[in-house]
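Contents: one structure, followed by commentary.
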Amino acid sequence: MRLTRMFLPTLKESPATAEVVSHKLMLRAGMIRKVAAGIYSLLPLGVRVTRKVEGIVRDEMNRAGAQEVVMPVVVPSELWLESGRWDDYGKEMLRLKDRGDREFCMAPTHEEVITDMVRGEVRSYKQLPLNLYQIQTKFRDEIRPRFGLMRGREFVMKDAYSFHATEECAEREYREILKAYTNIFKRCGLEFRAVEAEAGPIGGSFSHEFMVLADTGEDAVVSCTSCDYAANVERAEIGASEVAAAVVDIPALEKVSTPGQKTIEEVSGFLKIEQASLIKTLIYKVQKQDKKEEFVAVLLCGDRELNVVKLVRLLGAGSMELAEDVDVERITGAPAGFVGPVGLKIPVYADWGVDGIRGGVTGANELNTHLLNVASGRDFTPSYADLRLAGAGDACPRCDGVFELRRGIEVGHIFKLGTKYSESMGATFLDENGREKPLIMCCYGIGIGRTAAAAIEQNHDDGGIIWPAPLAPFDCHIVAVNIKDEPTMKVADALYSELQEKGLEVLFDDRKVRAGFKFKDADLIGVPVRITISANTVVEGSVELKERRGGEARLVKIEDVAEEIQKIVGEG
RNA sequence: CGGGGCGUGGCGCAGUCUGGUAGCGCACCUGCUUUGGGAGCAGGGAGUCGGAGGUUCGAAUCCUCUCGCCCCGACCA
């Protein structure tokens, strides 16, 4: 593509509204333009990158035996009423009416549609398993869209759904796609982790997220430094490590006045005691499954956070929330900030870490007062469990390694759905014994635009984007330093044709602007290889080759250019 | 949903407090010079100041309403 003819509006300054690098660079490099909050148009360069991601995804999905379908964006309410999600999905689902006042939505996901498609056709176990996928636009009316393509309202997603006669078969397929996803993100040239994750509101029994590692990621991920365990911190289990110390040599409890010192930081600073030696006490209001309410206390080391999901699971609760101030005072006798486990009449749960605190500090359940020399087992007896949010240095639950903490961008998510949709929507088949059973389902998603954005978050410098070769909009970028110089243009034109004939995608900057201007644009756009053609090197039959990802420019004989580029971008 | 902020040429902003008839940088067009890291000079085009209503001799500026966009928070002791 000749730059003089390409719709590629690059920007020197970045629009004020862009917050994260990928968003800024996509705007500056002329890949996207905003149409409304969380809604973007893709410009030619954006389309090229998107197609690269889609191509890899499509290829690996097909290879894994999945078949491509396309489902509608606008879906009638009936299907959602059947699954129960018309009411459950809430405001994230954009609803609309047609001229006959019939209700529809812009599909935020397609479980209902695919289940409907399959239930109409699949009758027998002989037709299973089946894996169908699509690459389609979805709409979720996010509370707060942000970060460009990273968290838009309208976005392109590859979603796949598999259908099985048996659990074993479903799990086998789940493993297959896990492998396929690993191939996909490897081929995209991204550093990523497949992590154990919470299944979330979509439901199901287990799930993995694919996280592209980048400091700007919205999610926190722990991974073991010595085995391959990795998990979203929301999910991560922690291995037991703290060993209980002997209780004997701890001095007696002592009250200390701590006027106005409520937070962990304040108490820690006031008493000159490490945050880790403080015992944080949270009072939670728990909604049990049978709708009864109960209050519980949760203890954590002062420097750690509670993982609410772990507590919910431990108690088998329906939901829970922090107790209101009035409830805290009624139950403990003190306002929030001065609460402690000693003498509490409600059930007390503690994270394992608390067992390691000897001679700790807690609230005294008395205004402006804390207790010193508190010891678990002597002064209070909690039920211990793994309750804290995992962090760096915590023990791995699978081996004796420890966690490191990284940030990640969720680009893929796979779930085992089970029979949630097939049961509610009557998608059944007849097994070998002629018995009717609900189909067992799994679903598998990949955010296409988000993957491109994540690639930028992970691969950029001050000058702009540094595309991993497989996602790059072009393989190489020819810069003709001076278009008025005839020898230069002769070589540039010839190379442009030759490289294209050899199957390379070539961007040719033939604009009448100064060299520096072209170099800046080239760095911004981030094509892997730049070929600089100028009068002084052309005389000796060579041109300059420079890789976007570091490295010095080097002279290459004109006849060797194609081969060199193919070596770098890994084609041919 | 709660809190905060912003809408002024394509982009980034000043001007608003203290009303007087719109300005700067980038981009764009023309010419000359320049030509390896976002050139210089000269000339030029482009804005119903988000929209509606009001106050006033006069409104980008003050008041009311409205629309749009952005940020922070939504499990914190």
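Below, read A as the first sequence line, B as the second, and so on, with proteins coming before strands; counting in each chain starts at 1.
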Practice item. Select one nucleotide: of B/C69, B/U35, B/G36, the one nearest the side-chain heavy atoms of A/A36. Key: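 Taking heavy atoms from C-beta onward, the closest nucleotide is B/C69.
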**Study point:** Option from A/L314, A/N307, A/L306 for which side-chain contact (heavy atoms from CB on, under 4.5 Å) with A/K310 holds
**Key:**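 Only one option passes, and that is A/N307.
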Length of the line joining [X]:[atom1] and [N]:[atom2], which is rounded to integer Å:
| X | N | atom1 | atom2 | answer |
| --- | --- | --- | --- | --- |
| A/L27 | B/C11 | CG | P | 12 Å |
| A/I39 | B/C70 | CD1 | P | 10 Å |
| A/E218 | B/C71 | CD | P | 11 Å |
| A/F147 | B/C70 | CZ | P | 12 Å |
| A/H23 | B/C71 | NE2 | C1' | 14 Å |
| A/K34 | B/G12 | NZ | C1' | 15 Å |

Could you let me know what [N] is paired to, Watson-Crick or G-U wobble, both distances under 3.5 Å, or none if it's on its own?
| N | value |
| --- | --- |
| B/C6 | B/G68 |
| B/G53 | B/C63 |
| B/C41 | B/G31 |
| B/A77 | none |
| B/U21 | none |

Between [X] and [Y], does at least one N-O distance fall below 4.0 Å, as a salt bridge requires?
| X | Y | value |
| --- | --- | --- |
| A/R549 | A/D461 | no |
| A/R511 | A/D521 | yes |
| A/D394 | A/R304 | yes |
| A/K518 | A/D510 | no |
| A/K520 | A/D523 | no |
| A/R530 | A/E547 | no |

Review point. Using a cut-off of 4.0 Å between protein heavy atoms and nucleotide atoms, how would you tag nucleotides 2-7 of chain B 5' to 3' with B, S and -?
Key: ------
Check your understanding: Which residue lies toward the 5' end of RNA chain B, A/E13 or A/K484, if each is placed at its nearest nucleotide?
Key ->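 First, find each residue's nearest nucleotide; the 5'-ward one identifies A/E13.
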Check nucleotides 37-40 of chain B for protein N or O atoms closer than 3.5 Å to its own N or O atoms and list the pairs.
| residue | atom | partner | partner atom | Å |
| --- | --- | --- | --- | --- |
| B/G37 | O6 | A/R530 | NH1 | 2.9 |
| B/G37 | O6 | A/R530 | NH2 | 3.1 |
| B/G37 | N1 | A/D523 | OD2 | 3.1 |
| B/G37 | N2 | A/D523 | OD2 | 2.1 |
| B/G38 | O2' | A/K12 | NZ | 2.6 |
| B/G38 | O6 | A/R28 | NH2 | 3.3 |
| B/G38 | N1 | A/D521 | OD1 | 3.0 |
| B/G38 | N2 | A/D521 | OD1 | 3.3 |
| B/G38 | N2 | A/D521 | OD2 | 3.3 |
| B/A39 | OP2 | A/R514 | NE | 3.4 |
| B/A39 | N9 | A/R514 | NH1 | 3.3 |

Exercise for review: Go through A/Y40 and A/H23 one step at a time and tell me if the ring pair (Phe, Tyr, Trp, His ring centres under 6.0 Å) criterion holds.
Suggested key: CA-CA 11 Å; A/Y40 292 84; A/H23 188 196; 5.7 Å; yes
Distance between [atom1] atoms of [N] and [M] (Å, rounded):
| N | M | atom1 | value |
| --- | --- | --- | --- |
| B/C28 | B/G2 | P | 44 Å |
| B/C29 | B/U16 | C1' | 33 Å |
| B/A59 | B/U64 | C1' | 15 Å |
| B/G20 | B/A60 | P | 9 Å |
| B/U21 | B/U8 | C1' | 15 Å |
| B/C13 | B/C6 | P | 12 Å |
| B/A42 | B/G5 | P | 42 Å |
| B/A46 | B/C41 | P | 23 Å |

Check your understanding: Using 30° and 60° as the class limits, which term best fits the ring planes of A/F508 and A/Y496: parallel, tilted or perpendicular?
Key ->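 Plane angle between 30° and 60°, so tilted.
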Point to revise | Side chains of A/Q275 and A/S268, donor plus acceptor under 3.5 Å | key: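 Note: A/Q275 and A/S268 side chains miss the donor-acceptor criterion.
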Check your understanding: Quick one: is the NZ or CZ of A/R514 closer than 6.0 Å to the six-membered ring centre of A/F519, and within 45° of its axis?
Key ->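 Pair A/R514/A/F519 does not count as cation-pi.
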**Study point:** Flag side-chain contact, heavy atom, 4.5 Å: A/E366 against A/F338
**Key:**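 SC-SC contact between A/E366 and A/F338 ruled out.
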Distances under 3.5 Å between protein N/O atoms and the N/O atoms of nucleotides 75-77 of chain B, please, pair by pair.
| residue | atom | partner | partner atom | Å |
| --- | --- | --- | --- | --- |
| B/C75 | O2 | A/Y284 | OH | 3.3 |
| B/A77 | O3' | A/K262 | O | 3.4 |
| B/A77 | O2' | A/K262 | O | 3.4 |
| B/A77 | O2' | A/G337 | N | 3.4 |
| B/A77 | N6 | A/I283 | N | 3.4 |
| B/A77 | N6 | A/I283 | O | 3.2 |

Check your understanding: Near A/E486 CD, under 6.0 Å, is it more than 12 heavy atoms from other residues, nucleotides or ligands?
Key ->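 No, because the 6.0 Å sphere around CD of A/E486 holds 12 heavy atoms or fewer from other groups.
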Practice item. Would you indicate what A/E19 reaches in the nucleic acid, counting non-hydrogen atoms under 4.0 angstrom: base, sugar-phosphate, or nothing? Key: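 Contact class for A/E19: sugar-phosphate only.
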